Protein chains: 2
Amino acid sequence: MRIGELAKRTGVSIRSLRYYELQGLLSSDREENGYRVYSELAVEQVNTIQFYIRLGLSTEEIAGFLHCVLIKKEAFCEQVLPVYRNKLEQLDRQIAQLEMIRANLKERIAHLQAEATEATTQ
Amino acid sequence: MRIGELAKRTGVSIRSLRYYELQGLLSSDREENGYRVYSELAVEQVNTIQFYIRLGLSTEEIAGFLHCVLIKKEAFCEQVLPVYRNKLEQLDRQIAQLEMIRANLKERIAHLQAEATEATTQ
DNA sequence: GTTGACCCTGACATCAATGGTATAGTTTAC
DNA sequence: GTAAACTATACCATTGATGTCAGGGTCAAC
């Protein structure tokens, strides 16, 4: 199939498919006219890429293990777990930071509301 | 004082001070030679800007109420509370999304570890 | 009169994935 | 044989605050 069909069947834009290729996540053969040609497997492959992207991984991180995952089961790809653990730590730090900001913000709001009430009751 | 001294006294880079000016957060007089000149008040003003930035607000959001906050108490600036509430909602959404990703990731990790144990005990 | 420490503006780079646009060649359907 | 639909590459834009560099003034001390 050509890129337009792959885009339709995966729900991923043509633009993104070409980007994945540039990032080494997806390969294609070419017709004589230069058009990209994909096998049926490409559909599953793009779905797999999307799965990892939704898991919060960057294309670069995915590139580190995608090839292995496509030919073996994920559990047999030793590259996967470190990436997962790394991302989890990163996520924990991000969430902690956002929660700290959130707490500060709530405190400010409560403070402002208290002052407003005070002004009203005076 | 000139920009270098303001930078030292606030811990904010010269680059950022000029950026704040561009965003309308900070103003300066100029010497005849074009050098920026700041009053003592600028130190506190920059600290105030930093305070809001650490609270997760963008320079654009800060610009919406900074002028008022600098001359009145925050509680008397009606522009502040909506920005806070808005940011809080946004933060809640962000955190919820990250936590969903985190949960998925933990599940994947647990799954992989279970498979690894299985393989060992076989 | 020169060195070094300041200051100025303007512009590009960063990070990441995606959208959009321009220009041009190819295929398909009528 | 032509119009519509598809594909190709190449490039710019987005987001936001900051770093960094280029090229050039200014000023003080020696």
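Worth saying up front: this structure is predicted, and the values here are computed from it rather than measured.
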Would you mind reading off the distance between [X] atom [atom1] and [N] atom [atom2], rounded to a whole angstrom?
X	N	atom1	atom2	value
L17(A)	dG19(C)	CG	C1'	14 Å
L22(B)	dT9(C)	CG	C1'	11 Å
E5(B)	dA5(C)	CD	C1'	15 Å
E32(A)	dG25(C)	CD	P	18 Å
R2(A)	dC6(D)	CZ	P	10 Å

Practice task
Please give the angle, rounded to 10 degrees, between the axes at the start and the end of the helix from dG1(C)-dC30(D) to dC30(C)-dG1(D), where five pairs define each axis.
Solution key: 30°
Completion exercise
Each nucleotide of nucleotides 8-20 of chain D classed B (base within 4.0 Å of a protein heavy atom), S (only sugar-phosphate) or -, in 5' to 3' order, makes SB-------BBBB
Practice task
Answer yes or no: does atom CD of E31(A) have more than 12 heavy-atom neighbours from other residues, nucleotides or ligands under 6.0 Å?
Solution key: yes
Practice task
May I ask you to check whether over 12 heavy atoms, not counting those of E44(B), lie within 6.0 Å of atom CD?
Solution key: no
Fill in the blank from the handout: Partner of I62(B) under side chain to side chain contact (heavy atoms under 4.5 Å, CB included), picked from Y20(B), F51(B), Y52(B), is Y52(B)
Handout entry: Partner of I49(B) by side chain to side chain contact (heavy atoms under 4.5 Å, CB included), out of L17(B), T59(B), L66(B)
Key =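 Only one option passes, and that is L66(B).
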Handout entry: Nearest-0.5 Å distance that lies between atom CG in L26(A) and atom OG1 in T10(A)
Key =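 Going from the CG atom of L26(A) to the OG1 atom of T10(A) covers 9.0 Å.
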Handout entry: Sequence-distant partners of E60(A), salt bridge (charged side-chain N to carboxylate O under 4.0 Å, His left out), two or more places apart
Key =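 E60(A): no salt bridge (charged side-chain N to carboxylate O under 4.0 Å, His left out) contacts found.
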Problem - salt_bridge(E21(B), R30(B)) N-O dist < 4.0 Å - result: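 Result for this pair is yes, salt bridge flagged.
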Problem - ILVMFWY cluster, L70(A) and L112(B) together (side-chain gap under 4.5 Å) - result: yes
